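Values in this document were obtained by computation on a predicted structure and should not be read as measured data.
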Amino acid sequence: GPSAERAVVFQDAALFPWLTLEKNVAFPLEVAGVPKAERAERVDELLRLVHLSRFRGSFPHELSGGMRQRGAIARALATRPRMILFDEPFAALDGQMRELLQGEVERIVRASRTTMVFVTHAIDEAVRLGDRVILVGARPGRVIGEVHIDLPRPRRGAQDVQSIRIAKRIADEIRTEVEKVAREEADGAWGNPGGADGGDPRRHLGRGI
């Protein structure tokens, strides 16, 4: 159940639209009954940590998607939780912004020394941010593998040879699951593009038009 020891950063930043960034970050502290002066000091510290001090008086609609997510991370850290749960927080962002925020999360988590549980469908993101990657199968959901990543930080993600090697290993381990989900979510015309049977012949209707 809910606990001050755990905080969540959602896929959508979920900031209160009627509050400024500063008041959004201060909200959990206010609920916890933290005195006003201490609250202001903590908010200042967090906004500096996520590089948003200049935008403290801005409302969520005045911020970019990446800035809103950094604000959501600051709010999650407000009560100094032991763990933050990230639910695909960068899924809606473009590739460049994702890469930037991956670096930011890596830096922030190291600085705050907070445990992070990060759900993602992006293998490169898992390799860059994770120390321990749990591979989860679909329908029924179950653990199908575990990969420990012992690479120095900060990591360069897809530019690093060791990271690429680990990402390929993970991709190989989940390939069967990916193909299973594709078959379940498509109709009978689906076939494994790499398979020998080529799938149902209806897949090729219209080819060459």
Exercise for review: Any chance you could measure Ser53, atom OG, to Leu21, atom CG, to the nearest 0.5 Å?
Suggested key: 9.5 Å
Check your understanding: How many angstroms lie between atom CG of Leu129 and atom CD1 of Ile149, to the nearest 0.5 angstrom?
Key -> 9.5 Å
Practice item. Quick one: pull up CZ in Arg70 and CG in Leu52 and give me the separation to the nearest 0.5 Å. Key: 4.0 Å
Point to revise | Within 6.0 angstrom of Glu146 CD, more than 12 heavy atoms from elsewhere | key: yes
**Study point:** Test: Glu125 and Arg128 ion pair at under 4.0 Å
**Key:** no
Point to revise | Distance-minimising heavy-atom pair for Ala126 and Val133 | key: O-CG2, 3.9 Å
Check your understanding: For Leu49 and Ala111, which heavy atoms make the closest approach, and how far apart are they?
Key -> CD1-CB, 4.0 Å
Review point. How would you list, by chain and number, every residue that makes a side chain to side chain contact (heavy atoms under 4.5 Å, CB included) with Lys23, sequence neighbours excluded?
Key: Leu19, Thr20
Exercise for review: Determine yes or no for a side-chain-to-main-chain donor-acceptor pair under 3.5 angstrom, with Arg39 supplying the side chain and Val34 the backbone.
Suggested key: yes
Exercise for review: Determine which pairs satisfy ring pair (Phe, Tyr, Trp, His ring centres under 6.0 Å) with at least one residue from residues 23-49, sequence neighbours left out, and list them in order.
Suggested key: Phe16-Phe27
Check your understanding: Taking the side chain as C-beta and beyond, is there a heavy-atom pair between Ile123 and Ile174 under 4.5 Å?
Key -> yes
Review point. Within a strict 4.5 Å, meaning less than it, do heavy atoms of the Glu104 and Arg107 side chains meet?
Key: yes
Exercise for review: Would you mind listing every ring pair (Phe, Tyr, Trp, His ring centres under 6.0 Å) that reaches into residues 39-67, with sequence neighbours excluded?
Suggested key: none
Review point. Would you call Asp94-Arg98 a salt bridge at under 4.0 Å N-O?
Key: no
Revision key, fill the gap. Pro60 and Asn24 have their tightest heavy-atom pair at CG-ND2, 4.0 Å
Check your understanding: With hydrophobic residues grouped by side-chain heavy-atom distances under 4.5 Å, do Met67 and Val50 end up in a single group?
Key -> yes
Review point. Side chain to side chain contact (heavy atoms under 4.5 Å, CB included) between Arg42 and Leu29: does it pass, once the steps are laid out?
Key: CA-CA 9 Å; Arg42 178 65 174 154; Leu29 297 170; 3.6 Å; yes
Check your understanding: Taking C-beta and beyond as the side chain, do Asp172 and Lys168 meet within less than 4.5 Å on heavy atoms?
Key -> yes
Check your understanding: Same cluster for Val31 and Phe10 if Ile/Leu/Val/Met/Phe/Trp/Tyr side chains link at under 4.5 Å?
Key -> no
Exercise for review: Could you tell me the separation between the CE atom of Met116 and the CD atom of Glu106, rounded to the nearest 0.5 Å?
Suggested key: 8.0 Å
Check your understanding: Any side-chain heavy atom of Ser163 within less than 4.5 Å of one from Leu151?
Key -> yes
Quick one: side chains of residues 75-87, donor-acceptor pairs under 3.5 Å with protein atoms, not counting sequence neighbours, listed by atom name and distance.
| from | atom 1 | to | atom 2 | distance (Å) |
| --- | --- | --- | --- | --- |
| Arg75 | NH1 | Ala14 | O | 3.2 |
| Arg75 | NH2 | Ala13 | O | 3.4 |
| Arg75 | NH2 | Ala14 | O | 3.0 |

Check your understanding: Can you find a heavy atom in the side chain of Val25 that is under 4.5 Å from one in the side chain of Leu46?
Key -> yes
Review point. With sequence neighbours left out, what residues match Glu173 under side chain to side chain contact (heavy atoms under 4.5 Å, CB included)?
Key: Leu135, Val147, Arg169
Exercise for review: Give a yes or no on whether a salt bridge exists between Arg56 and Asp44, defined as a side-chain N under 4.0 angstrom from a carboxylate O.
Suggested key: yes
Review point. Less than 4.5 Å apart, any side-chain heavy atom of Arg132 and any of Ile134?
Key: yes
Review point. Could Glu41 and Lys36 be called an ion pair, given the rule that one side-chain N must be under 4.0 Å from one carboxylate O?
Key: no
Revision key, fill the gap. With sequence neighbours left out, the residues meeting side chain to side chain contact (heavy atoms under 4.5 Å, CB included) with Ala91 are Gln11, Glu88
Check your understanding: Does some side-chain heavy atom of Glu45 sit less than 4.5 Å from a side-chain heavy atom of Arg48?
Key -> yes
Practice item. Decide whether Val8 and Val105 are clustered together by the hydrophobic rule: side chain heavy atoms of Ile, Leu, Val, Met, Phe, Trp, Tyr closer than 4.5 Å, transitively. Key: no
Check your understanding: Same cluster for Ile108 and Leu100 if Ile/Leu/Val/Met/Phe/Trp/Tyr side chains link at under 4.5 Å?
Key -> yes
Check your understanding: Distance-only, no hydrogens or angles: does the Glu177 side chain make a donor-acceptor pair with backbone N or O of Ile144 under 3.5 Å?
Key -> no
